[in-house]
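Structure first, commentary second.
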Amino acid sequence: MDALRRSALRADIDDDSLADARRLIGYDYRGARHTVEITIDNTRDYAGYIGSRNPLYHDPVRGLRSRWGRPLAPPSMVGTSIIAPGLRGVQWIYGGARWRFPGLFGPGDVLAQSGSLVSAERVSGRNATSMIVQKGRTTCRNAQGDVIVEAEVTTMRVPRRGASKGGLSYAPRSVSWTQGELDRFAEILVGQKDRIRGQEIRYWDDVEVSGEIPPVLCGPLRLSDIALTRGSIVYGIVGGGRDDNGGYGYMLDHYRAHPADSFVNPETGVTEHPHRGHWEQYMADEVGMPGIYDIGYQRLGWLCRVITDWMGDDGRLLELEGRLRRPNIVGDVTWISGRIAEKTMVGSSPHVVCELTGRNQHDEVTVTGRATVELISRTVGSSSS
Amino acid sequence: MTVTGDVRASVGSFVEHRQHNTVASSSAMRFWARTIGERNPRYVDASATRPLTSGSFQAHPCWLYSVQDSVVALGHRGLVPVVAGSSWTFGRPVVPGDVIRSTVQLVDEYETVGRHAGRTIVQVAGVGYESDRGEQLATVRTTLFRISPEEARRRGKHDGWSRTRYSEEQLLQIEAAYDAEDSRPRQVRQWDDVVPGDELDPIVRGPLTSEETALFVGATHPVPGLETFTQDRLAGKVDGFVHPRTGTWETYAARCVDDVTAQQLGFPAAHDLGIDRIGYTASLVTSWMGPRGDLRLFGVDLLEPAFLGDTTWCSGRVTGVRGQDGDDLRGLVDIEVWGANQRGAVTSRGTATVALDRRPRDRGRRASP
């Protein structure tokens with residue numbers, strides 16, 4: 001019982017760490033086993049979570065009217081589960097994900113996810129002297145057993161502040177905007193709905209290599225964007241399919257089983273969830289972040305939102321990759337822009353590859369990504385199963 | 001919080017509102033119940049292999065808050081809603097597959113003067129929940145205090161408040177209460193066995209953490225995204241404020257995880273939503289009533305806020321055993337409930353009416369009072 005009252009472990013990365021981080025490679029990872037019931041409601045919730053106002057995801061009838069003939073969900077909604085076992089007391093930070101979308105999914109689907117740890121490597125990062133990167137792979141299948149989504153998630157394991165060495169060491173920073181700047185942002189934000197391509201077909205023929213997707217404003221980031229826009233589905237996925245998500249009685253069961261995955265609130269003495277760093281300054285400091293930091297999975301969802309807004313209802317996202325480069329804290333703005341890098345026919349399928357970049361108000365790159373999209377061509381027949 | 005047009009609604013008329021959940025999906029039902037700490041399989045376990053004695057899988061009665069949370073800020077821009085209480089009337093339980101539509105009316109509006117924020121507009125929002133087959137599943141009347149942030153800050157009602165620092169003993173006591181709770185009732189409670197004065201075994205919820213309130217918001221009504229919020233704010237449909245620490249426009253909804261936002265409204269710290277507390281107070285009754293009990297009426301007045309770090313003990317006592325619920329196979333029981341925090345302060349009071357089975361052979365022998 002008193003294990004819960006001990007402050008969370010602050011462990012270092014040492015010579016035994018790599019073996020520990022690799023121990024479960026190849027094993028079916030229980031935390032990634034999850035059944036996802038995709039509904040109209042949680043699809044809307046997820047679309048809202050990633051800042052998408054695309055009617056395709058808010059109104060099932062739009063999907064029915066598209067060439068897909070079925071209601072659709074934003075593709076990045078499933079597949080990423082953090083698979084980062086071992087290394088008790090070492091913080092985990094979401095690094096990025098890479099999805100393949102062999103199938104479409106949306107309201108009405110029930111997807112079964114499974115996964116395993118694939119690798120663990122030791123690296124030195126720009127802002128952490130020593131860390132281990134763990135990679136997990138997940139597969140989501142529909143009821144017929146068809147693979148709908150495959151994803152690879154990268155998690156960085158970084159010692160917490162207070163561990164004897166290593167750890168994130170971002171200098172704390174705060175953000176302030178003038179009223180004029182806030183007003184300008186508001187104007188831009190409201191106007192962005194007009195940029196959703198929607199039912200107007202974006203033809204492959206009209207897309208040019210080096211063509212741009214003009215920057216989309218994501219921010220200024222609110223605390224509520226991080227903490228309160230998430231619907232229930234996000235917990236089932238990013239939490240690794242944890243059935244212990246719930247009120248304190250549920251958390252108690254979890255903390256008893258995994259005492260290293262908890263933090264004692266120094267003010268109250270109560271054991272709390274590590275998520276607190278996403279809305280409380282104290283926890284953000286603990287982790288070594290420069291401020292209250294966003295949820296990486298949400299930021300990757302912004303990449304999905306930008307590309308799906310651009311491609312139109314009749315476009316199809318085939319692959320999406322995103323890597324988080326720098327923290328994104330409350331108050332920050334992120335401008336996500338795209339550049340068409342490739343335009344090819346893959347068999348009879350018209351593809352474009354778009355490189356995505358997110359920059360903050362200091363012009364620092366905070367997220368990068370790459371999306372492969374299939375579009376309709378005027379001249380060549382396109383096939384998509 | 002729900003957004004309305006900037007035209008002040010007149011009492012009685014239906015108002016435009018946004019609904020959250022439209023379908024009672026198994027996962028939506030299970031997840032919501034977990035966010036209020038519910039462990040009763042009846043509300044969290046959809047498995048067909050669980051014991052029949054634990055009742056058919058259905059939505060926790062207050063799950064309907066996730067369809068329409070009843071915190072409807074009608075008119076009076078600039079005055080932020082605080083939940084003062086809810087009063088529910090329930091029809092049949094919500095089961096997986098139900099498609100639900102909500103309607104919202106302003107039932108009453110008047111003015112009062114309170115210690116927290118002085119002149120306060122009191123509104124009663126009436127929400128109806130209908131199935132797509134036209135059945136009235138439930139109605140709720142939620143009382144909202146529309147408070148002025150400036151006035152609330154000026155009055156400083158909660159000045160001198162400090163967060164509880166729990167002792168080891170207190171925390172162990174709370175944990176023991178969770179372990180002792182009969183959250184998976186299997187025994188059918190018979191109306192015939194209930195006597196006025198019977199006490200319900202208290203249950204504990206908390207200590208409240210920001211993870212829990214964030215989970216509850218996610219299950220009940222995720223906050224609209226930044227673009228929608230900005231559009232609504234510019235259209236005068238929702239209130240916002242520039243957060244002194246983050247420098248951005250923010251929604252008052254953040255008050256359930258962020259102390260600074262709560263302080264904008266004259267509260268010393270982040271606090272619960274109120275409807276979450278009403279939800280788990282109902283759990284006291286839904287567990288006690290057993291797998292064949294049904295909640296018919298439930299109402300709670302929130303007397304004090306529950307801040308992050310606070311713990312709530314929910315208690316109840318039978319006040320009446322009466323009559324028939326429909327036919328003579330069932331009877332009704334009235335219960336008074338109350339909540340108290342770790343300081344011993346009574347923070348809520350309410351009543352419930354449940355329907356229980358009557359023993360067939362005793363029918364006719366027990367006279368209704």
Side-chain angles (χ1 to χ4, degrees), chain A residues 1-2 4-5 36-37 39-42 45 48-53 174-177 179 182 185-186 189-190 192-193 218-225 227-236 245-252 265 267-270 272-273 275-276 279-281 292 330-331, chain B residues 20-23 25-28 31-32 34-39 163-168 171-172 175 178 181 183 205-212 214-215 217-219 222-231 233-234 242-243 245-251 253-254 256-258 261 280 309:
Chain A
M1 210 68 80
D2 58 65
L4 295 179
R5 238 68 68 201
V36 189
E37 194 184 357
T39 68
I40 297 170
D41 297 328
N42 62 26
D45 284 351
Y49 181 63
I50 63 171
S52 168
R53 290 196 282 170
S174 60
V175 186
S176 70
W177 300 105
Q179 190 58 54
L182 290 176
F185 290 141
L189 288 170
V190 169
Q192 288 184 152
K193 196 170 188 183
C218 298
L221 187 65
R222 301 175 301 168
L223 204 135
S224 54
D225 286 320
L228 303 174
T229 53
R230 25 152 78 181
S232 55
I233 190 159
V234 179
Y235 288 90
N245 287 132
Y248 199 78
Y250 282 91
M251 295 185 201
L252 204 56
N265 182 324
E267 218 186 332
T268 60
V270 174
E272 293 206 32
H273 197 287
H275 274 160
R276 283 176 66 216
W279 44 79
E280 289 181 50
Q281 189 64 46
I292 294 170
V330 179
Chain B
H20 173 225
N21 281 334
T22 59
V23 179
S25 68
S26 167
S27 49
F31 191 84
W32 189 90
R34 297 213 307 261
T35 67
I36 56 162
E38 180 62 76
R39 289 178 288 174
R163 218 181 296 269
T164 297
R165 220 268 175 231
Y166 288 86
S167 68
E168 177 82 12
L171 293 172
L172 288 173
E175 288 169 31
Y178 278 112
E181 182 182 334
S183 56
R205 292 292 182 263
L208 192 60
T209 67
S210 55
E211 174 73 4
E212 199 161 333
L215 278 170
V217 171
V223 161
L226 180 60
E227 286 185 13
T228 304
F229 167 70
T230 304
Q231 190 168 302
R233 184 174 61 75
L234 294 178
V242 177
H243 195 289
R245 284 247 289 269
T246 70
T248 68
W249 278 101
E250 186 58 88
T251 166
C256 68
V257 296
D258 177 43
T261 305
Y280 59 68

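Just so we're on the same page: letters track the sequence lines, and every chain starts at 1. Nothing here was measured: the structure is a model prediction, and the numbers come from that model.
- B/Ser25 touches chain A through backbone and side chain together, each having a heavy atom under 4.5 Å away.
- The two residues B/Val257 and A/Ala227 have their closest heavy-atom pair at CG2-CB, 4.2 Å.
- Of the listed residues (B/Thr261, B/Leu208, B/Asn21), the one with the most heavy-atom contacts under 4.5 Å to chain A is B/Asn21.
- By the 4.5 Å heavy-atom criterion applied to side chains, B/Glu211 and A/Met251 are counted as neighbours.
- For A/Glu267, the parts sitting under 4.5 Å from any heavy atom of chain B are the backbone and the side chain alike.
- Neither the backbone nor the side chain of B/Ser183 comes within less than 4.5 Å of any heavy atom in chain A.
- Residue contact with chain A, scored on non-hydrogen atoms closer than 4.5 Å, involves the backbone and the side chain of B/Tyr166 alike.
- Residue contact with chain A, scored on non-hydrogen atoms closer than 4.5 Å, involves the side chain of B/Leu234 exclusively.
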Exercise. Given B/Ser26 and A/Glu37, is the side-chain hydrogen bond (donor to acceptor under 3.5 Å, both in side chains) satisfied, shown in steps?
Worked result: CA-CA 8 Å; B/Ser26 167; A/Glu37 194 184 357; 4.5 Å; no

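- Using a 4.5 Å heavy-atom cutoff, the side chains of B/Val23 and A/Thr39 are not in contact.
- Nearest heavy atom pair, residue B/Ser210 against residue A/Trp279, reads OG-NE1, 2.7 Å.
- The minimum heavy-atom distance linking B/Arg165 with A/Gly269 is given by the pair NH1-CA, 3.2 Å.
- With a 4.5 angstrom heavy-atom cutoff, B/Glu38 touches chain A only via backbone atoms.
- Seen from the ring of A/Tyr248, B/Arg205 does not count as a face-on cation partner, given the 6.0 Å and 45° thresholds.
- The part of B/Thr164 that comes within reach of chain A is its backbone (N, CA, C, O), which places non-hydrogen atoms under 4.5 angstrom from that chain.
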For this session: Step by step, work out the side chain to side chain contact (heavy atoms under 4.5 Å, CB included) result for B/Val242 and A/Leu182.
Result: CA-CA 9 Å; B/Val242 177; A/Leu182 290 176; 4.1 Å; yes

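- Contact of the B/Glu175 side chain with the A/Leu252 side chain is registered, since non-hydrogen atoms from C-beta on lie closer than 4.5 Å.
- Under the side-chain contact (heavy atoms from CB on, under 4.5 Å) criterion, B/Thr228 pairs with A/Arg53, B/Arg18, B/Pro224, B/Asp232, sequence neighbours left out.
- Evaluation of the ring-ring contact (aromatic ring centres under 6.0 Å, His included) rule for A/Trp177 yields A/Phe185 as partners, not counting sequence neighbours.
- Residues A/Leu223 and B/Arg245 fail the side-chain proximity criterion, which asks for heavy atoms closer than 4.5 Å.
- Looking at B/Arg163, the atoms closer than 4.5 Å to chain A (heavy atoms on both sides) all sit in the side chain, from C-beta outward.
- B/Thr251 contributes atom OG1, which lies 6.5 Å from atom CZ of A/Arg222 (distance to the nearest 0.5 angstrom).
- The heavy-atom pair separating A/Leu189 from B/Thr230 by the smallest distance is CD1-OG1, 3.7 Å.
- A distance of 7.5 Å separates SG of A/Cys218 from CD of B/Glu227, quoted to the nearest 0.5 Å.
- Chosen from B/Gly309, B/Cys256, B/Gly37, the residue pairing most often with chain A at heavy-atom distances under 4.5 Å is B/Gly37.
- Heavy-atom pairs under 4.5 Å with chain A peak, among B/Leu226, B/Thr35, B/Ile36, B/Asp258, at B/Leu226.
- Only the backbone of A/Leu221 comes within less than 4.5 Å of a heavy atom of chain B; no side-chain atom from C-beta onward does.
- Counting heavy atoms from C-beta on, the side chains of B/His20 and A/Asp45 come closer than 4.5 Å.
- Ranked by heavy-atom pairs shorter than 4.5 Å toward chain A, the options B/Ala219, B/Ala28, B/Ser167, B/Gly247 are led by B/Gly247.
- When every heavy atom of A/Pro220 is checked against every heavy atom of B/Thr248, the shortest pair comes out as CB-CG2, 3.3 Å.
- Among all heavy-atom pairs drawn from A/Thr229 and B/Gly225, the shortest one is CG2-CA, 4.4 Å.
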